[in-house]
**Q** 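The structure's right below; bear with me while I get my questions together.
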Amino acid sequence: MAHPSKRHLDLAKVRVIGPPEIVDQVVDAITTALPSATPSRPYPSRHTTGHVRVYLEVSPE
């Protein structure tokens, strides 16, 4: 197993914000293309009522 700090360097953090149905589609596309992507649960957008934000940790592998 990789050293934790090394593994942390191999990740990109992505934030997806928008209407829930669009965010779901984008998160599905990302996790299909990059199965190692780990999405968070949806959180309400801080700026736009009705929108959500999802965070993903993504590795190119």
Side-chain angles (χ1 to χ4, degrees):
M1 186 161 124
H3 187 275
S5 62
K6 171 70 172 137
R7 176 156 165 47
H8 186 71
L9 294 175
D10 293 342
L11 294 174
K13 294 187 179 189
V14 178
R15 179 176 60 191
V16 181
I17 303 172
E21 59 279 357
I22 301 300
V23 170
D24 285 345
Q25 291 174 11
V26 171
V27 169
D28 284 345
I30 292 170
T31 57
T32 297
L34 298 166
S36 65
T38 306
S40 72
R41 66 177 183 84
Y43 298 94
S45 172
R46 294 180 185 154
H47 303 288
T48 306
T49 303
H51 284 195
V52 296
R53 56 193 158 99
V54 172
Y55 299 92
L56 297 99
E57 289 190 345
V58 181
S59 173
E61 299 174 358

**Q** Strictly distance-based, threshold 3.5 Å: is any side-chain N or O of S36 a donor or acceptor partner for the main-chain N or O of S59?
**A**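 Answer holds: yes.
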
**Q** Quick one: which residue pairs count as a side-chain hydrogen bond (donor to acceptor under 3.5 Å, both in side chains) with a foot in residues 41-53, not counting sequence neighbours?
**A**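 Every side-chain hydrogen bond (donor to acceptor under 3.5 Å, both in side chains) pair that includes a residue of residues 41-53, provided the two are not neighbours, is R53-Y55.
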
**Q** Apply the hydrophobic cluster definition, ILVMFWY joined by side-chain contacts under 4.5 Å directly or through others, and give me every member besides I17.
**A** none

**Q** In chain order, what residues pass the side-chain contact (heavy atoms from CB on, under 4.5 Å) check against P44, with sequence neighbours excluded?
**A**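 By the side-chain contact (heavy atoms from CB on, under 4.5 Å) rule, P44 matches no residue at all.
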
**Q** Do you know the tightest heavy-atom contact between G50 and P20?
**A** O-CD, 3.3 Å

**Q** Closest approach of P39 and A37, non-hydrogen atoms and distance?
**A**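 Nearest heavy atoms, P39 then A37: CD-O, 3.5 Å.
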
**Q** Could you list the donor-acceptor pairs under 3.5 angstrom formed between side-chain atoms of residues 22-31 and any protein atom two or more places apart in sequence or on another chain?
**A**
{"unit_1": "T31", "atom_1": "OG1", "unit_2": "V27", "atom_2": "O", "d": "3.0"}
{"unit_1": "T31", "atom_1": "OG1", "unit_2": "D28", "atom_2": "O", "d": "3.2"}

**Q** Quick one: OG1 on T38 to CG on L11, what's the gap to the nearest 0.5 Å?
**A**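 That separation rounds to 8.0 Å.
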
